[in-house]
Amino acid sequence: MPAHDDVKAGKADFLMAFGETARARRGVLGLTQRQLDARMGYRGKFSGGVERGVRNLTLDNLYLLAAALETDPRDLLTE
C-alpha cells in the first residue's frame, strides 16, 4: 500500500491534470470561465478552481461540467 504522502501527491497530480483537460476543452469551445460557470448554473468561480486543481469535484459536478463542456464525463477523466 502506498504511503499517505504518495497518495496525496498523486491526488494533487490527478486534480491538476483533470483541470488542464477541462481548460483545454473550454478553450476548444471558446468559452470564458464565467461562461462555463453560467452553463453549469453557478455564479461564482467554480471552473477556475477546477482548472487550477484546487477544487475536488463530486460526481454530480463532474456530470454538470461535462455537459457544460459538451462532452462525456469519462472523456474528462481519460484525457
Side-chain angles (χ1 to χ4, degrees):
M1 181 170 195
H4 182 70
D5 289 342
D6 293 339
V7 172
K8 286 180 76 173
K11 175 185 167 188
D13 291 345
F14 173 78
L15 291 174
M16 287 296 298
F18 180 86
E20 290 170 9
T21 299
R23 181 182 303 119
R25 179 67 188 155
R26 180 175 62 79
V28 167
L29 295 174
L31 297 171
T32 65
Q33 287 179 346
R34 183 172 286 182
Q35 290 169 325
L36 179 58
D37 288 344
R39 281 184 172 204
M40 292 180 67
Y42 291 113
R43 298 178 80 176
K45 299 177 181 179
F46 184 86
S47 61
V50 171
E51 292 180 3
R52 288 189 313 278
V54 297
R55 182 175 296 277
N56 191 357
L57 297 174
T58 64
L59 291 176
D60 289 336
N61 282 328
L62 171 62
Y63 190 85
L64 289 174
L65 177 63
L69 291 172
E70 301 174 12
T71 192
D72 188 286
R74 292 170 286 240
D75 293 339
L76 293 174
L77 295 170
T78 59
E79 302 248 339

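The shortest distance between side-chain heavy atoms of F18 and L62 falls below 4.5 Å. Residues L29 and L69 have side chains in contact (heavy-atom distance under 4.5 Å, counting atoms from C-beta outward). Within the 4.5 Å cutoff, side-chain heavy atoms of L77 are placed close to those of F14. At a threshold of 4.5 Å between non-hydrogen side-chain atoms, the residues Q33 and K45 do not count as touching. The shortest side-chain heavy-atom distance between K11 and N56 falls under the 4.5 Å cut-off.
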message: Determine whether R34 and R43 satisfy the following criterion, side-chain contact (heavy atoms from CB on, under 4.5 Å), listing intermediate values before the conclusion.
response: CA-CA 8 Å; R34 183 172 286 182; R43 298 178 80 176; over 6 Å; no
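Rounding to the nearest 0.5 Å places CG of D37 at 9.0 Å from CZ of R26. To the nearest 0.5 Å, atoms CG (L65) and CZ (F46) are separated by 7.0 Å.
Transitive grouping of hydrophobic side chains (ILVMFWY, heavy atoms separated by less than 4.5 Å) keeps Y63 and L59 in distinct clusters.
Checking N61 against Y42 by side-chain atom types alone, a donor-acceptor pair falls below 3.5 Å.
With hydrogens and angles disregarded, a donor-acceptor distance shorter than 3.5 Å links the side chain of R39 to the backbone of A68. At distances below 3.5 Å, not a single donor-acceptor pair connects side-chain atoms of E51 with backbone N or O atoms of G48. Proximity of a side-chain donor or acceptor of T21 to a complementary backbone N or O of A17 within less than 3.5 Å is detected.
Taking each heavy atom of A66 and D72 in turn, the nearest pair found is CB-C, 3.9 Å.
Between R25 and E20 there is no salt bridge, since no side-chain N of the basic residue sits under 4.0 Å from a carboxylate O of the acidic one.
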